[in-house]
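Reading through the structure tokens given below for one structure.
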Amino acid sequence: MLDLKFVRENPELVKAGIAKRNDHTDIDKILELDSKRREIIRTVEQLKSDKNKASGEIAQKKKAGEDASAAITRMREVGEKIGALDNELRTVEEEMNSILVWVPNIPHESVPVGADESANVVVREWGEIPKPDFTVLPHWEIGEKLGILDMAAAAKISGSGFYLLKGLGARLQRALVSYMLDTHSADGFTEMAAPFIVNADTMFGTGQLPKLEADMYKTTEDNMYLIPTAEVPITNYFKQQIIDYKQLPIYMVGHSPCFRREAGAAGKDTRGMIRVHQFEKVEMVKIVHPDSSYDELESLLLQAEKILQGLKIPYRVCNLASGDLSFAAAKCYDIELWAAGVKRYLEISSVSNFEDFQARRMNCRFRDEDKKMRHPHTLNGSGVALARLIPAVLENYQNADGTITVPEVLRPYMGGIENIG
RNA sequence: GGAGAGAUGGCCGAGCGGCUGAAGGCGGCGGAUUGCUAAUCCGUUAUAGGGCUAAUGGCUCUAUCCAGGGUUCGAAUCCCUGUCUCUCCGCCA
């Protein structure tokens with residue numbers, strides 16, 4: 001959420017910022033309601049001040065045994081006026097907030113301006129795209145052939161958009177999760193195992209609600225949501241908290257399933273594991289001092305890249321254009337890895353700086369060196385998503401004889417197995 | 001799921017329906033003092049939102065004792081609802 005004061009003082013900057021994202025939230029309406037709000041506050045607080053004074057006088061009179069009934073009658077009327085104005089104030093504030101919570105974050109100045117992903121800028125590429133002398137099968141074919149991936153079974157059990165791994169396929173997923181968690185932990189990230197089902201307030205905190213309501217699975221009985229990413233429970237660990245600046249920066253990492261309805265995505269990338277309703281992901285979260293958040297963004301990006309470098313899978317990094325940014329992000333890098341079977345780049349990680357957008361929503365603050373209360377900056381980055389990493393391993397490590405070489409870094413986690421098939 | 005108890009400032013903890021934004025303690029910060037790795041003493045110690053003042057500061061008002069309602073001229077204090085925590089019972093991986 002943007003700071004109301006900031007919106008009030010920099011309306012043109014805010015409008016220009018959201019325009020870059022093709023967002024058309026009515027900023028003028030917010031300003032109009034805000035001025036109405038402040039006008040009511042001025043009136044009602046004057047009345048309250050009078051009331052408090054009169055209350056004191058009534059108490060004095062009663063103590064002295066004097067008659068206070070005239071003042072009491074007068075105050076009864078003032079009380080009613082206050083009640084009416086408080087109601088009006090609440091209505092105005094609710095209306096204002098109902099718009100304010102839909103205002104996306106303002107893109108950072110280093111974000112390329114553009115309407116959609118076609119304006120994304122590739123900032124670097126790593127690794128050589130392999131040119132195998134045989135036909136590399138897409139992961140769903142090689143996976144089925146080796147008996148480690150069963151899409152049909154998943155469809156039978158749950159429906160379309162689910163995958164089922166078995167045998168060494170399941171073990172490969174577990175090995176990847178362990179490899180990633182161990183790598184990040186060794187670099188100072190605290191491992192977290194947080195709830196996968198959260199309340200609405202938590203979903204609001206990281207910016208999923210209200211905007212992404214339709215993309216999430218929701219429980220009907222208890223009004224809870226299945227998390228779309230571990231970012232949600234891990235970042236919200238600091239919801240409603242005051243952190244001492246000496247504790248910053250805070251690095252956390254966690255593994256979770258991610259549940260996504262993918263409403264409206266039907267027909268796009270539907271083959272195999274590439275777009276599914278449930279997938280595993282290792283997620284890194286940082287809570288940092290505002291002064292260092294853009295340096296922290298770069299190092300978080302490198303941390304995610306480290307995983308792919310360890311696996312020796314070629315990738316590229318994109319600086320997302322303003323129109324392609326997610327609701328809460330001020331800047332975001334996507335990492336896309338090369339999948340040799342489907343012969344294209346797959347988005348596998350988003351590394352974002354939310355600045356104080358999430359912290360303000362969560363009411364997470366820190367006391368800085370001068371004892372001032374400030375909002376920290378929050379960042380997160382996939383480190384990385386499994387449902388696209390597994391296909392990349394199955395395709396990039398595929399051999400001409402239909403076997404798959406187990407990447408070296410995973411062998412300790414696979415009981416020393418060097419080949420699947 | 002059933003029964004009961006509780007929720008107060010960074011922490012602990014007191015609180016009669018009316019000078020209680022809240023005693024006391026701890027911690028933190030500032031200072032004083034002492035030949036000694038510390039003690040003692042004094043002071044200070046929230047957040048948010050308005051308004052005024054062109055100050056990188058000040059003045060002032062309002063709100064906040066889990067949350068939301070209610071009673072009342074007036075609520076931390078009384079009533080209702082919800083949330084969470086604890087204890088006991090039931091169920092259970």
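Every chain is numbered from 1, with letters handed out A, B, ... down the list of sequences. Only this structure's heavy atoms are used, side chains among them; waters, hydrogens and symmetry mates stay out.
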Item to check | Cation-pi geometry met for A/R374 and A/F366 (6.0 Å, 45°) | outcome: no
Checklist outcome for this item: Annotated structure of RNA chain B as dot-bracket, pair cut-off 3.5 Å, Watson-Crick or G-U only, | for inter-strand, is ((((((((.[[[..)..(.....]]]((((((.......))))))((((((((...)))))))).[[[[[..)....]]]]])))))))....
Checklist entry - Side-chain donor-acceptor pair under 3.5 Å between A/K306 and A/T183, yes or no? => result no
Next on the checklist: Using atom P in both nucleotides, what's the gap between B/G74 and B/U60 to the nearest angstrom?
Outcome noted: 27 Å
Item to check | Same-atom distance (P) from B/G70 to B/G2, integer angstrom | outcome: 28 Å
Next on the checklist: Just the rounded figure in Å: distance from C1' of B/G49 to CZ of A/F6.
Outcome noted: 20 Å
Item to check | Non-neighbouring partners of A/K61 that pass side-chain contact (heavy atoms from CB on, under 4.5 Å), sequence neighbours left out | outcome: A/E66, A/A68
Checklist entry - When the P atoms of B/U64 and B/U81 are considered, how many whole Å apart are they? => result 23 Å
Checklist entry - For residues A/E213 and A/Y225, is any side-chain donor paired with an opposing acceptor at under 3.5 Å? => result yes
Checklist entry - Say you pick atom C1' in B/C52 and the same atom in B/G30; how far apart are they, in whole Å? => result 30 Å
Next on the checklist: Hydrogens and angles aside, do A/E395 and A/H139 bring a side-chain donor and acceptor to less than 3.5 Å of each other?
Outcome noted: yes
Checklist entry - Do A/K286 and A/S293 get their side chains close enough for a donor-acceptor pair, meaning under 3.5 Å? => result no
Checklist entry - Is any side-chain nitrogen or oxygen of A/R367 closer than 4.0 Å to OP1 or OP2 of B/G10? => result no
Checklist entry - To the nearest angstrom, how far is A/R38 atom CZ from B/G49 atom P? => result 12 Å
Checklist outcome for this item: Rounded to whole Å, CG of A/N223 lies from C1' of B/U83 at a distance of 14 Å
Next on the checklist: Using atom C1' in both nucleotides, what's the gap between B/G1 and B/C73 to the nearest angstrom?
Outcome noted: 45 Å
Next on the checklist: What contact category does A/R365 fall into here, base, sugar-phosphate, or nothing, at under 4.0 angstrom with non-hydrogen atoms?
Outcome noted: sugar-phosphate
Next on the checklist: Quick check: A/Y294 with A/H108 (ring centres under 6.0 Å apart)?
Outcome noted: yes
Next on the checklist: Within the 4.0 Å limit for protein heavy atoms, which parts of nucleotides 65-76 of chain B are touched? Write it as a string from 5' to 3', B for base, S for sugar-phosphate only, - for none.
Outcome noted: ----S---BS--
Checklist entry - Quick one: are the ring centres of A/F357 and A/F327 less than 6.0 Å apart? => result yes
Checklist entry - Can you tell me if A/N223 and A/K218 form a side-chain donor-acceptor pair at under 3.5 Å? => result yes
Checklist outcome for this item: A/E66 atom CD is separated from B/G18 atom C1', nearest whole Å, by 15 Å
Checklist entry - Tell me: CD1 of A/I41 to P of B/A48, nearest whole Å? => result 15 Å
Checklist entry - How about A/Q358 and A/T378: does a side-chain donor come under 3.5 Å of a side-chain acceptor? => result yes
Checklist outcome for this item: Per-nt protein contacts along nucleotides 57-62 of chain B (heavy atom under 4.0 Å; B base, S backbone sugar-phosphate only, - none) come out as ----BB
Checklist entry - Between the side chains of A/Q309 and A/Y315, does any donor sit under 3.5 Å from an acceptor? => result yes
Checklist entry - With a 4.0 Å cut-off on heavy atoms, is A/R8 in touch with a base, just the backbone sugar-phosphate, or nothing at all? => result sugar-phosphate
Checklist entry - Can you check the A/R374 CZ to B/A46 C1' distance for me, whole Å? => result 19 Å
Checklist entry - Minimum heavy-atom separation for A/N105 to A/A328, with atom names? => result ND2-O, 3.0 Å
Item to check | Between B/C36 and B/C29 - C1' atom distance, rounded Å | outcome: 25 Å
Checklist entry - CG of A/L89 versus P of B/G51: gap in Å, rounded? => result 13 Å
Checklist entry - With rounding to whole Å, what would you report as the distance between B/A22 and B/G10 at their P atoms? => result 15 Å
Give each protein N/O atom lying under 3.5 Å from an N/O atom of nucleotides 79-82 of chain B, with the pair distance.
none

Next on the checklist: For a quick check under 3.5 Å, do A/Q278 and A/Y163 share a side-chain donor-acceptor pair by atom type?
Outcome noted: no
Checklist entry - How would you list, by chain and number, every residue that makes a side-chain contact (heavy atoms from CB on, under 4.5 Å) with A/E144, sequence neighbours excluded? => result A/D150, A/M151
Next on the checklist: When you compare the side chains of A/Y251 and A/D187, does any donor N or O come within less than 3.5 Å of an acceptor on the partner?
Outcome noted: no
Checklist entry - Quantified in whole Å, what is the C1' atom distance between nucleotide B/G15 and nucleotide B/C65? => result 10 Å
Item to check | Whole-Å distance separating the CE atom of A/M373 from the C1' atom of B/U45 | outcome: 13 Å
Item to check | Shortest side-chain distance from A/A59, nucleotide among B/G18, B/C19, B/G50 | outcome: B/G18
